[in-house]
Every structure is written in C-alpha cells, then in structure tokens.
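Scroll down for the structure; my scribbles are underneath it.
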Amino acid sequence: MIFSEKLVLITNKVMKKKVALVLLFFYSFTVNAEQQDTLKLSDRKFYLGIELTTITYHSYYKDPSPAGHLTSGYFTPVFLLVGYKINDRVRAQTGIGYGGSSDKAEWSPNHQATDTVKYKAGSRTNVFSIPATVQVDLFKAFGRIPLYGTVSAITAYGSTKSSMTETLHEVPSTAYTKDKGVNVFLMAGLGTNYKISKRFSGYTELFLFKRNLTGDNSFDYDWEAYSPWGRRLFKSLAFGVNYKL
C-alpha cells in the first residue's frame, strides 16, 4: 500500500509538470502570435478613412448669375479617404468628398399680400471635391499626445442651379439658371490622433490657415472671420476615423 501511494504521488507530480509545460507552451505561442499580429498591423502602410468637418467652403463662379436674395455656392463636405504611410513620420492621402447647400426666398415690393407682383427664388448647390493631403508628425505634447502638421490642397467641382419666379397679377413666369466652376482651396493646420483598436484610429484637426486660391475670400461670409473666437474655432475643425488595411 505504501509503494502504491508513493507511485500515485509521483505520477501526480509528473502529470502536473506536464500540464504546466503544456500551458506554458500555449501561453508562449499566444503571446508570440499576438506580438506578430501587432507587428504586422504596425507595418501596414495603407489605410481607409472617413472625415467630417465643421468648415464651410464657398465656391465662386467665373460669370455667376444674379443670386438676388439667395446665398449659393456653399458646401460642407464629407470625405472618403485612402492614405499611405510613407515612413514613421509622414503620411499622404487623397479621396473624394461631397457637400452642398440650398436656399429659398419669397418677397414682394411692399411685403403686402395685396402686392400685384411677387417673387419666389430657390437655389441648390452640389460640390464634389478631391483633397491631396500631407501629414507630418511633429512631436508629442506633454510626452504622450502626438501632434502633427497637415497641409491640404482641395480641388472642388461645383454647380449651382437657381430658379426665379415672378408672379404678376397671379400669372407666374419662371427663369432657370445654372452656374458651374472649379475652385482650389489651400488648408493648413495641426492635428492629433489616438488609437481606438488594433486597426482603428481617430483624429481631430484644427485648421489655422484657410484660403480659396481661385476665388474671393470674403471676410464676412466665407470664413466667418467676423464671429467671436469660439465660433471661429468651432468652424475650423475636422474629425475622422482611419482603418488599417
């Protein structure tokens, strides 16, 4: 009985060692696989992204039709992007964006229901844009928050359809016009990015320089430079999410 009990104890010890070795092997394999996966993800150079912005751009046309009481040509784009990591500090990206706006108005000379002539106008703007962007990592603020500089040239292909209806003695007459043109915008600012998961990352950008290279840059309307600093700050932001391929 004593020999049998000793044999059982020895067997249990051997089994425990074998189980521990097997568990250690699987643990090492799992850690190594995770490290390899992380390394592969960090080496991925291409990524896809989507970007939203609070910035309102204004397209100008070479020979615009009279807009009357309407505002037109404004757009706030949503971008679908593809990017490439050139090296550890520099990234380049492009894509396509879409944005638009509309406006309408009704009036009469004396603003009275008895006026014999009345007017009704409407406009719709549609703009497709192609950005070309370079981002360069600058430094980490407070030792942890990565900051980068970003410069973009945005080529915007826009069109505005307008209508003007004059109603004289209850008889309407409508005229339609269409304007189209190309505008190029130069944007520059600072951004910071942050990790969401292994493949997903987010970013926030603040544009300190905004300029239409081919059209006017109205102080009052285009960039809202007349606004309080809080609104100017809000109207200079972009937010996005990237996905590593």
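Basis for what follows: all heavy atoms, side chains included, without hydrogens, waters or symmetry-related copies.
- Within the 4.5 Å cutoff, side-chain heavy atoms of Trp223 are placed close to those of Ile55.
- Using a 4.5 Å heavy-atom cutoff, the side chains of Thr94 and Val82 are in contact.
- Checked by atom type and distance alone, the side chain of Asp222 never pairs as donor or acceptor with a backbone atom of His58 at under 3.5 Å.
- At least one donor-acceptor pair closer than 3.5 Å links the side chain of Ser108 to the backbone N or O of His111.
- By the 4.5 Å heavy-atom criterion applied to side chains, Ile154 and Met187 are counted as neighbours.
- Using a 4.5 Å heavy-atom cutoff, the side chains of Arg211 and Phe209 are in contact.
- Side-chain N/O atoms of Ser123 and Ser72 include no donor and acceptor closer than 3.5 Å.
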Starting from the C-alpha separation in whole Å, work towards a yes-or-no answer on side chain to side chain contact (heavy atoms under 4.5 Å, CB included) for Tyr148 and Val136. CA-CA 5 Å; Tyr148 62 86; Val136 180; 5.9 Å; no
Could you check Thr133 against Ser152 for side-chain hydrogen bond (donor to acceptor under 3.5 Å, both in side chains), going step by step and ending with a plain yes or no? CA-CA 4 Å; Thr133 302; Ser152 296; 2.7 Å; yes
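- In this structure the side chain of Phe75 reaches within 4.5 angstrom of the side chain of Pro77, judged on heavy atoms.
- The shortest distance between side-chain heavy atoms of Ile130 and Tyr157 falls below 4.5 Å.
- Using a 3.5 Å distance cut-off with no hydrogens or angles, the side chains of Tyr203 and Gln135 do not pair a donor with an acceptor.
- No hydrogens or angles considered: a donor-acceptor pair under 3.5 Å links the side chains of Asn183 and Asn212.
- Tyr60 and Asp179 share no side-chain donor-acceptor pair at under 3.5 Å.
- For the 3.5 Å distance criterion, the side chains of Thr56 and Thr76 qualify, holding a donor opposite an acceptor.
- The shortest distance between side-chain heavy atoms of Leu48 and Asn242 does not fall below 4.5 Å.
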For the pair Thr125 and Thr160, evaluate side-chain hydrogen bond (donor to acceptor under 3.5 Å, both in side chains) and give the outcome as yes or no after the intermediate values. CA-CA 4 Å; Thr125 296; Thr160 298; 2.8 Å; yes
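- In this structure, a donor-acceptor pair under 3.5 Å is present between the side chains of Ser236 and Lys210.
- Judged by a 6.0 Å distance limit and a 45° cone about the ring axis, Arg231 is not positioned over the six-membered ring of Tyr226.
- The pair Asp137-Arg91 meets the salt-bridge criterion, since a charged nitrogen lies less than 4.0 angstrom from a carboxylate oxygen.
- If you check the side chains of Asn193 and Ser201, you find no donor sitting under 3.5 Å from an acceptor.
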